[in-house]
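Throughout, a chain's letter reflects where its sequence line sits, starting with A, and its residues are numbered from 1.
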2 protein chains.
Amino acid sequence: MQRRSKKAAIINAASQLLVEVGYESMSPAMVLARSGAGKGSLYHFFSGKKQLALAALQNMAEEMKADLQELLDDEQLTAFGKIDQYLARKRDGMAGCRIGRLANEGAFLDGELRAPMQDYFRFVLQQMQVLVGQCVEDDTFAADTPVEHIASLIVASVQGGYVNSKAVADGEQISMATGALRVLLKTYCVK
Amino acid sequence: MQRRSKKAAIINAASQLLVEVGYESMSPAMVLARSGAGKGSLYHFFSGKKQLALAALQNMAEEMKADLQELLDDEQLTAFGKIDQYLARKRDGMAGCRIGRLANEGAFLDGELRAPMQDYFRFVLQQMQVLVGQCVEDDTFAADTPVEHIASLIVASVQGGYVNSKAVADGEQISMATGALRVLLKTYCVK
DNA sequence: GTCTATACACAGATAGAC
DNA sequence: GTCTATCTGTGTATAGAC
């Protein structure tokens, strides 16, 4: 047994390909070519394409959650500041959200594959709800809109920004959408 | 030559399938099964899957543009009222945008296939820009944000709402996002 | 114009050697 | 654990009859 098996390389290649081409278009052959492994290795570690994608997805979701958590843990920022920073993050519109870009693939109607996606989105929505709730609490926001609606819009501006970027082939679309929301939320603040 | 050939049936079936399963997962066999035509008919009218999808897409785009145009032509509504009505439209979150849901498929990197999608999105973005511009003009909105940013956010709230809905399997997500934006835009109005 | 029968490539998975 | 060789099903397209 090697110290670092091909397993990690395979998962890594799969993660990249899920972002680049999606699930249905990702063939085992592509994964093997990129990871430098043979078919045997893939089917030694995973029962099939689905289980491989599952492992890759769970990896990505953990990374992205940790990324958000880092922002949430920033003691320097107010709740509103965290929302603002989240929206202000630099994003590659033409790449798409690593997880959200898979939402329309038929394979994700399957409960098992959808689980990590659903889990990730619920986490982000939930955390945004908490932040918006804190803004209401400390009178930054008026309490005239359900917190989960605002949270939903925040996430939608990012996901929709990615879609717009891809659709018109303009990477700037996403920052235009999130930027506009930053302004609107600032205006929404009860000064 | 029949008065109503199988061509329309084939395009119609393809349109449905593009929404339901997407482009890559839509096989000629599925199109034929649903349309009741034989393989020969399909390849008689279209040079291949791509040209068929193109025809179906152009059909859909025209329909959806006409749908929006109807709202734009409503003499009863102010520019702001039109934006508000656009956001308030009833949408099936679990179905997804007929065109936007294809944005992440690799086949749409191809210029020919992307054209109708790009065209549709540009149209909607452009029309929203005009409406927002009118709102600035008549002092409904402050002029402190570029009109194309607000327009981008409006479209993103819809597209992102669809993504959220699919991701968490909750059809209400989209109306939560667009609903929140309606409130924010109302607050943004210079009263 | 519409059909059935057929060809070809490749995605997905298995067998078994090393 | 890792590899190569192989098998099967199906997506995509063509040929050619009716």
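- Atom P of nucleotide D/dG11 and atom CG of B/L32 are separated by 11 Å, given to the nearest angstrom.
- Under the rule for a side chain to side chain donor-acceptor pair (under 3.5 Å), A/N12 has no partner lying at least two apart in sequence or in another chain.
- With sequence neighbours left out, A/R182 forms a side chain to side chain donor-acceptor pair (under 3.5 Å) with A/D84.
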Please output the side-chain donor-acceptor pairs of residues 33-40 of chain B that fall under 3.5 Å, not counting sequence neighbours, one pair per line with the distance.
unit_1, atom_1, unit_2, atom_2, d
B/R34, NH1, B/Q16, OE1, 2.7
B/R34, NH1, B/E20, OE1, 3.4
B/R34, NH1, B/E20, OE2, 2.8
B/R34, NH2, B/E20, OE1, 3.0
B/S35, OG, B/V31, O, 2.9
B/S35, OG, B/L32, O, 3.4
B/S35, OG, B/A37, N, 3.3

Report all side-chain donor-acceptor pairs from residues 69-76 of chain B shorter than 3.5 Å, counting only partners two or more places apart or in another chain.
unit_1, atom_1, unit_2, atom_2, d
B/Q69, NE2, B/D73, OD1, 3.1
B/D74, OD1, B/Q76, N, 2.8

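- Under the salt bridge (charged side-chain N to carboxylate O under 4.0 Å, His left out) criterion, the residue pairs touching residues 94-107 of chain A are A/E63-A/R98, with sequence neighbours excluded.
- Within residues 44-54 of chain A, the residues having any heavy atom under 4.0 Å from DNA chain D are, by residue number, A/H44, A/F45.
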Sequence neighbours left out, cut at 3.5 Å: what donor-acceptor pairs do the side chains of residues 43-60 of chain B make with other protein atoms?
unit_1, atom_1, unit_2, atom_2, d
B/K49, NZ, B/Y23, O, 3.0
B/K49, NZ, B/E24, O, 3.3
B/K49, NZ, B/M26, O, 3.0
B/K50, NZ, B/E112, OE1, 3.1
B/Q51, NE2, B/E112, OE2, 3.3

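- If you check residues 36-43 of chain A against DNA chain C, the residues with a heavy atom closer than 4.0 Å are A/K39, A/Y43, listed by number.
- Side-chain nitrogen and oxygen atoms of A/K6 include at least one within less than 4.0 Å of the OP1 or OP2 phosphate oxygen of D/dC3.
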Using distance only, find each side-chain donor-acceptor pair of residues 131-139 of chain A under 3.5 Å and give its atom names and separation, not counting sequence neighbours.
unit_1, atom_1, unit_2, atom_2, d
A/D138, OD1, A/T140, N, 3.1
A/D138, OD1, A/T140, OG1, 2.5

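- The side chain to side chain donor-acceptor pair (under 3.5 Å) test applied to A/S157 returns no partner, not counting sequence neighbours.
- For the segment residues 10-27 of chain B, no residue has any heavy atom less than 4.0 angstrom from an atom of DNA chain C.
- Residues B/F108 and B/R114 come closest through the heavy atom pair O-CB, 3.1 Å.
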Name every donor-acceptor pair, under 3.5 Å, that has one atom in a side chain of residues 141-151 of chain A and the other anywhere in the protein, sequence neighbours excluded.
unit_1, atom_1, unit_2, atom_2, d
A/D144, OD1, A/Y188, OH, 2.5
A/T145, OG1, A/Y188, OH, 3.0

